[in-house]
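Okay, structure first, notes after.
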Amino acid sequence: KYFGCDIYWNGSSLYCVQLFWTEADKSAQDALTFIPVTRFLIASDSHVTGSGDAQCQRIAKMFSEVYALSNANQYYKNLDAAVFCGDLTNTGTTAQFDAFAATTKNALQGNTKRYAVAAKSHDCSSMGANAISYFSNLLGQPSDFHVVINGFHLIGISASNTSAHYTSAQVAWLDAQ
């Protein structure tokens, strides 16, 4: 079996829209006509600076374009999850986290789930150790998570509250996954 991802470019960001797998012995034509069973939007480095800024507008546009692509597929219209991989904010202020959370929440449609991990370099620069708990409470998700969506395991691990490195507890948790 092999695994693939349809990648799209919106002029400022790359994002993955649909994941698929198929048997290795299938022809290339079969791979092109494979019916998806799961669709993720994956993005990073949104660097939100405030409510309604250019980055928030790009996030909203990205969701809009991905939903349009999803809805255009005659077999599978769902966008199962939107995943953000760190540097959600530019300097990690509460206003920036609030703007990211509001923008992504307002852009979600149907049963799409939002998942995000916070990075130390930008997301924790203003609030330090408090950033991870603020972010986690705001998004209503643990800072480190393991979810299964249509059989695909999605594991996210955020920066630690204490250092630029993952804690031994986080590494042990990740190993257990």
Side-chain angles (χ1 to χ4, degrees), residues 1-89 96-119 123 135-158 174 177:
K1 294 182 179 182
Y2 72 90
F3 176 78
C5 178
D6 290 342
I7 306 280
Y8 295 90
W9 169 256
N10 74 355
S12 63
S13 300
L14 286 174
Y15 49 94
C16 176
V17 175
Q18 117 187 342
L19 300 170
F20 56 89
W21 64 269
T22 188
E23 298 295 326
D25 59 348
K26 297 278 186 172
S27 71
Q29 182 60 36
D30 287 343
L32 293 174
T33 60
F34 181 79
I35 298 171
V37 296
T38 300
R39 189 175 286 119
F40 294 120
L41 175 155
I42 301 173
S44 70
D45 296 275
S46 53
H47 292 279
V48 169
T49 59
S51 183
D53 69 357
Q55 292 78 1
C56 288
Q57 292 172 25
R58 285 186 189 116
I59 291 170
K61 181 179 179 183
M62 178 177 61
F63 271 100
S64 177
E65 290 179 8
V66 170
Y67 281 121
L69 288 167
S70 299
N71 289 325
N73 184 290
Q74 64 179 337
Y75 301 107
Y76 193 78
K77 297 184 180 300
N78 293 349
L79 174 59
D80 298 294
V83 183
F84 292 86
C85 305
D87 289 348
L88 314 171
T89 67
Q96 291 173 2
F97 276 116
D98 293 347
F100 172 83
T103 299
T104 55
K105 181 180 178 182
N106 291 338
L108 292 173
Q109 298 176 12
N111 294 322
T112 305
K113 305 290 186 225
R114 172 191 58 194
Y115 299 99
V117 294
D123 297 327
F135 149 81
S136 182
N137 290 331
L138 181 66
L139 268 58
Q141 72 167 60
S143 56
D144 301 335
F145 58 85
H146 178 181
V147 297
V148 180
I149 302 171
N150 296 346
F152 288 93
H153 292 256
L154 176 62
I155 300 171
I157 187 166
S158 291
L174 187 59
Q177 305 307 306

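Here the structure is a predicted model, which is why all the values come from computation and not from measurement. FYI, the numbering just counts along the sequence from 1.
Minimum heavy-atom separation, Asn150 to Tyr76: ND2-OH, 3.0 Å. Here the shortest heavy-atom pairing between Ser70 and Asn78 reads OG-O, 4.1 Å. The two residues Ala116 and Phe135 come nearest to each other via the heavy atoms O-CZ, 3.2 Å. The minimum heavy-atom distance between Ser136 and Ser143, with the atom names listed, is OG-N, 3.5 Å. Minimum interatomic distance between Phe145 and Val117 (heavy atoms only, all atoms of both residues): CE2-CG1, 3.8 Å. Residues Gly52 and Gln57 approach most closely at O-NE2, 2.9 Å, considering heavy atoms.
The closest donor-acceptor contact from the side chain of Thr112 to the backbone of Ala81 lies at 3.5 Å or more, if one exists at all. Looking only at distances, a side-chain donor or acceptor of Ser158 sits under 3.5 Å from a matching main-chain atom of Ala118. Although no hydrogens or angles enter the test, the distance criterion places no donor-acceptor pair under 3.5 Å between the side chain of Asp87 and the main chain of His47. Not one N or O on the side chain of Arg39 forms a donor-acceptor pair closer than 3.5 Å with the backbone of Val66. Looking at Tyr115, its side chain never comes within 3.5 Å of a backbone N or O of Gly156 through a donor-acceptor pair.
One finds the OG atom of Ser46 at 7.5 Å from the CG atom of Asp123 (value rounded to the nearest 0.5 Å). For the atom pair Leu108 CG and Leu41 CG, the distance stands at 9.5 Å (nearest 0.5 Å). Between Thr103 atom OG1 and Ile59 atom CD1 the span is 6.0 Å, to the nearest 0.5 Å. The line from CD1 of Ile157 to SG of Cys85 is 13.0 Å long, rounded to the nearest 0.5 Å. Atom CG of Leu154 sits about 11.0 Å away from atom OG1 of Thr38, to the nearest 0.5 Å.
Under the rule for a side chain to side chain donor-acceptor pair (under 3.5 Å), the partners of Gln96 that lie at least two apart in sequence or sit in another chain are Thr91. Residues that satisfy the side chain to side chain contact (heavy atoms under 4.5 Å, CB included) test with Gln177, not counting sequence neighbours, are His146, Ile155, Trp173.
By the 4.5 Å heavy-atom criterion applied to side chains, Asp80 and Phe152 are not counted as neighbours. The side-chain heavy atoms of Thr49 and Gln55, taken from C-beta on, include a pair separated by under 4.5 Å.
Counting non-hydrogen atoms of neighbouring residues, nucleotides and ligands closer than 6.0 angstrom, the NZ atom of Lys77 exceeds 12 such neighbours.
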* Asked: Would Arg114 and Leu139 satisfy side-chain contact (heavy atoms from CB on, under 4.5 Å), going step by step from the backbone distance to the final call?
  -> CA-CA 8 Å; Arg114 172 191 58 194; Leu139 268 58; 3.9 Å; yes
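Ring-plane geometry between Phe63 and Phe84 is classed as tilted, the angle between the planes lying from 30 to 60 degrees on a 0 to 90 degree scale.
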